[in-house]
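Below, read A as the first sequence line, B as the second, and so on, with proteins coming before strands; counting in each chain starts at 1.
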2 protein chains.
Amino acid sequence: MSKRFSLGLFENAQANDSGTATWRHPDNRRSEFDSLDYWRANAKLAEEAGFDFMFLADAWGWADVNGERPEVCTVEGLDLPRLDPAIVIAALIGETERLGLVVTGSTLLEPPYSFARRMATLDILSGGRIGWNVVTTGTADTAVQAFGVDMVAHDERYVMADEFMDVVYQLWEGAWDEGALERDKDGRFADPAKVHRIAHEGKYFRSHGFGNTARSPQGTPVLFQAGASPAGRAFGGKHGEAIFVGSGSVEQLREHSAAIREQAAANGRDPRSVKIMSAFAAVVGATEEEAQAKYASVADAQTPDVTVASYAWFTGLDLSEYPHDTPMTDLSTELSQTQVARFAGKTVGDVLRDWHAHGVGARPVVGTPEQIADTMCALAEGADLDGFLFAPVIPPASTEDFVEHVMPLLRERGVIASPSQEVTTLRERLTGASSPALPKSHPGATYRNS
Amino acid sequence: MSKRFSLGLFENAQANDSGTATWRHPDNRRSEFDSLDYWRANAKLAEEAGFDFMFLADAWGWADVNGERPEVCTVEGLDLPRLDPAIVIAALIGETERLGLVVTGSTLLEPPYSFARRMATLDILSGGRIGWNVVTTGTADTAVQAFGVDMVAHDERYVMADEFMDVVYQLWEGAWDEGALERDKDGRFADPAKVHRIAHEGKYFRSHGFGNTARSPQGTPVLFQAGASPAGRAFGGKHGEAIFVGSGSVEQLREHSAAIREQAAANGRDPRSVKIMSAFAAVVGATEEEAQAKYASVADAQTPDVTVASYAWFTGLDLSEYPHDTPMTDLSTELSQTQVARFAGKTVGDVLRDWHAHGVGARPVVGTPEQIADTMCALAEGADLDGFLFAPVIPPASTEDFVEHVMPLLRERGVIASPSQEVTTLRERLTGASSPALPKSHPGATYRNS
């Protein structure tokens, strides 16, 4: 039997995923991203199929090419409009019972004090099913204009994020001890000995006083992280519990996962406690030919203009200005370095082709259910992965295909769990731990008073 | 037939309402404020009974008496813990179909750019059922410590709030025109001519660029406002659509409502378009004696310590330091002036007694269903009120009493509408207008491009 793995469903509260625009495809229903019905159906599909969680990405800002937002962005619904993922996730709490719900939140743009309350409220109302995808906002140039705050350079954003964690750990782990709420009508509502003042005076943040929420089921929500730059990996190795890596070959992913586990160990953490999840996309057909034809219909659904605009949004770089044979190493950016560095050794022309095919998302595996299941098992085993974040190329049709045709095979092979009626926290579900709290070796756990 | 009126249900996502602590009362179930089941049951009760909306209050900070949070605050669950009301409201969208949902949000502490996205997301997912209770955070002294921002004095907070409105009106009314989303797979996702760049460069806020959400059903959520200071009333007269006034006699409330309508007219608005809603609490008994006995059980449920601590939270004033005969006009504060000014002519002792009985909430009307219905009709008619914000003294038991015993009488008298299955926006429901948008005479409407 191959290595067992977790499954998350990657979604976006906007018409398209970042980097591609497949909304025109006839089977794409994500253009109804602003309807609760779309999300309700999708969450129920994921829960009933046995996905471990639904993950909602987020971004701030918009595609900016030389100071202008290209008209194609509006015409294609590329970057905007989008909804607040925390509100979408909150609306799904009552619609689901077991599904983990992961919200993206920015350490550049959120005030940590109110962000801590918002996330804790989600964790409390959901019974501990919440994850936080920690981002530093790669698309910072337009985001800071919108928020009216100063630009923070790429690597410094991770220094800031590290300080942000210091504040929210104090609020989630240190401010209210477990068991503080007694609710004893003949005694106390809460125990004063279990409520603590926090004090943070840093370079980026100040926060003094009391936390708003009593300890939530998980305390700190499960921390997801994805940055692939050296600064991003260092941050992930310290704080991340589920590290989301891009798609790639077994060799590439094995290198990534080994590096991440090493970084975790260097931070005094159990390297196995870090769950490494790869982006995964699939186009499923009854035969290879059918799958390839389906995939061709996806590429046809978008224009080259989309590619240039969306790449510019992430990197500030207008690739249409460079000859196709320009080496990518000639370009540099203060925005998302991940989206430049991953093309080292490639040319501008290569990148335009690659980005057109799948943007920042995974390069889809195209084939029969067996081929897709084989690829997943080989990746999990060969690259030491703990899970996959399945991104539907055509939402929700690709998810429906995957649920119907691939998941039964994975279950037969014993690599994914059977859909369980058991209700548990997301941390217990993902890590198999018997406690919903951060493990002792995690730096956030040191903020606990007991 | 008396004047018809609207009904809102006042709730708080914490164990107690600000200013009182009735959680020990045996019928009080708000101590389960952190359970989705509590909110689900409460929202369904309100919707089915025909309430027009549920209103969630909020506060930041905690009770601070001379730099310390008194232990009684924890023991009684007075100020903390509390949840994020926007998340609680979001979780109720799918649980309700027609109920309006009003969220409190602070112009002192929210970044307007992300706040606009959050509120618009709520309005979009709920089909236009959202209201925003605009607050400047009366409990600013501890709140600014927690957020690590500078203190802003009372009247200046309204100047800041006015600028905040300028930013969010641009985002809600000006950034995306009605009908911008076409979702035509053979045409455009959105029309570029209907998407506009915003530019705000002010004293408190800067925001440049594009809005995140397309126009929500109501554009601007229905604007609730409650400030009773001169600065608060001026702000409410300009922006407020539903002005929430405290409880009082017919004469007091008539004076308030006349002053508010005058202020609206001075701002070029239709004075009848401003809906004036009074705080209302009731203790219902089959007989007057039964009602009085019930009321006595409420007062018995809390200690004088709660009163001192909670008054200090709102005002920074420790009344236990002053002789009981001190005139209130001797005291001043940079926190909530409303909570000092309303006691002009009273002594410290008067205030301690009054606050113990009902905190910042309404003084309950205690009596039989007929007496309570009579009082409401007399107030609505005599003080020219458009509605009541019903605050349960013992949540949810007081609401259940009111629904069961008083609302049928109000319906018989034709002063409240029959529960309708009609789904409409909150603005249409409250104002009877035939459009979900801000009326033309409202200052926010001038931000629309068409």
- line: Heavy-atom closest pair (B:M119 atom, B:W132 atom, distance to 0.1 Å) is CE-CB, 3.4 Å

Contact origin within A:D79 toward chain B - heavy atom pairs under 4.5 Å: neither

field: For A:S31 against A:A15, the heavy-atom pair lying closest together
entry: CA-CB, 4.4 Å

query: Which one of A:I124, A:T213, A:I93, A:D34 has the most heavy-atom pairs closer than 4.5 Å to chain B?
result: A:D34

- request: Pick one of side chain, backbone, both or neither for B:Q14, based on which atoms fall under 4.5 Å of a heavy atom in chain A.
  value: neither

field: Smallest separation among heavy atoms of A:L78 and A:T20, with atom names
entry: CD1-O, 3.9 Å

message: Counting only non-hydrogen atoms closer than 4.5 Å, does B:F147 touch chain A with its backbone (N, CA, C, O), its side chain (CB onward), both, or neither?
response: both

- request: May I ask you to decide if the ring planes of A:W23 and B:F189 are parallel, tilted or perpendicular, using 30° and 60° as cut-offs?
  value: perpendicular

query: Which atoms form the tightest heavy-atom contact between A:G211 and A:L171, and what is the distance?
result: CA-CD2, 3.7 Å

Region of B:E71 that comes under 4.5 Å of a non-hydrogen atom in chain A: both

query: Under a 4.5 Å heavy-atom cut-off, does chain A meet the side chain of B:S35, its backbone, both or neither?
result: backbone

query: Non-hydrogen atoms of chain A under 4.5 Å away: do they reach the side chain of B:V72, the backbone, both or neither?
result: neither

message: Less than 4.0 angstrom from a charged side-chain N to a carboxylate O is my criterion; do A:K203 and A:E163 meet it?
response: no

task: Before accepting this row, confirm whether a basic side-chain N of the pair A:E97/A:R129 lies closer than 4.0 Å to the acidic partner's carboxylate O.
output: no

message: I'd like to know if A:E76 pairs up with B:R188 as an ion pair, taking the criterion as any Lys NZ or Arg NE/NH1/NH2 lying under 4.0 Å from an Asp or Glu carboxylate oxygen.
response: no

task: May I have the step-by-step check of side chain to side chain donor-acceptor pair (under 3.5 Å) for A:T142 and A:D64, ending in yes or no?
output: CA-CA 7 Å; A:T142 51; A:D64 183 288; over 6 Å; no

- prompt: Quick one: of A:G77, A:P85, A:P192, who has the most non-hydrogen atom pairs under 4.5 Å with chain B?
  reply: A:P192

message: Set out, in order, the CA-CA distance, both residues' side-chain angles and the distance that settles side chain to side chain donor-acceptor pair (under 3.5 Å) for B:D123 and B:S216, then state yes or no.
response: CA-CA 6 Å; B:D123 204 49; B:S216 76; 2.6 Å; yes

Side chain / backbone / both / neither for B:D37 at chain A, heavy atoms under 4.5 Å: neither

- request: Give the member of A:A301, A:P111, A:S114 that has the highest number of heavy-atom pairs under 4.5 Å with chain B.
  value: A:S114

field: chain A contacts, top residue of B:E32, B:R82, B:H200, B:K185 (heavy-atom pairs, under 4.5 Å)
entry: B:K185

query: For A:A59, is it the side chain, the backbone, both or neither that has a heavy atom under 4.5 Å from a heavy atom of chain B?
result: backbone

message: Taking side chain as everything from C-beta outward and backbone as N, CA, C, O, which of these in B:H25 sits under 4.5 Å from a heavy atom of chain A? Side chain, backbone, both or neither.
response: backbone

Heavy-atom closest contact (B:D191 atom, A:T74 atom, distance): C-CG2, 3.8 Å

Qualifying residue, where the test is ring-ring contact (aromatic ring centres under 6.0 Å, His included) with B:F205 and the options are B:F115, B:F164, B:Y113: B:F164

Chain B contacts, top residue of A:G187, A:A21, A:G61, A:A13 (heavy-atom pairs, under 4.5 Å): A:G187

query: Are B:R30 and B:D17 within salt-bridge range, i.e. N to O under 4.0 Å?
result: yes

- prompt: Taking every heavy-atom pair that is under 4.5 Å apart, which of B:V167, B:V144, B:D184, B:V149 has the most such pairs with chain A?
  reply: B:D184

task: Give, as side chain, backbone, both or neither, the part of B:V75 having an atom under 4.5 angstrom from any heavy atom of chain A.
output: both

task: With a 4.5 angstrom heavy-atom cut-off, could you sort out which part of B:P26 is near chain A: side chain, backbone, both or neither?
output: backbone

- prompt: Does the cation-pi check pass for B:R69 over A:F210, that is, NZ or CZ under 6.0 Å from the six-membered ring centre and within 45° of its axis?
  reply: yes

message: Does anything in residues 173-183 of chain B reach chain A? List residues with heavy atoms under 4.5 Å apart, or say none.
response: B:W176, B:L181, B:R183

field: Top of A:A146, A:G148, A:G209 for chain B proximity - count of heavy-atom pairs under 4.5 angstrom
entry: A:A146

message: Taking the cut-offs as 6.0 angstrom to the six-membered ring centre and 45 degrees off its axis, would you call A:R117 and B:W60 a cation-pi pair?
response: yes

- request: Please report the C-alpha distance between A:H208 and A:E201 in whole Å, then the side-chain angles of each, then the deciding distance to 0.1 Å, and finally whether the side chain to side chain donor-acceptor pair (under 3.5 Å) criterion is met.
  value: CA-CA 8 Å; A:H208 292 268; A:E201 195 72 40; 2.6 Å; yes

task: Side chain from CB out, backbone as N, CA, C, O: work out which of these in A:V88 comes under 4.5 Å of a heavy atom of chain B, or both, or neither.
output: both

- prompt: Relative to chain A, which segment of B:A116 carries a heavy atom at a distance below 4.5 Å: side chain, backbone, both, or neither?
  reply: neither

message: Give me the atom names and distance for the closest heavy-atom approach of A:A91 to A:L36.
response: CB-CD1, 3.8 Å

- request: Would you mind telling me which of A:K194, A:Q145, A:R118, A:E95 has the largest number of heavy-atom pairs within less than 4.5 Å of chain B?
  value: A:R118

- prompt: By a 4.5 Å heavy-atom criterion (distance strictly below it), what part of B:D186 contacts chain A: side chain, backbone, both, or neither?
  reply: backbone

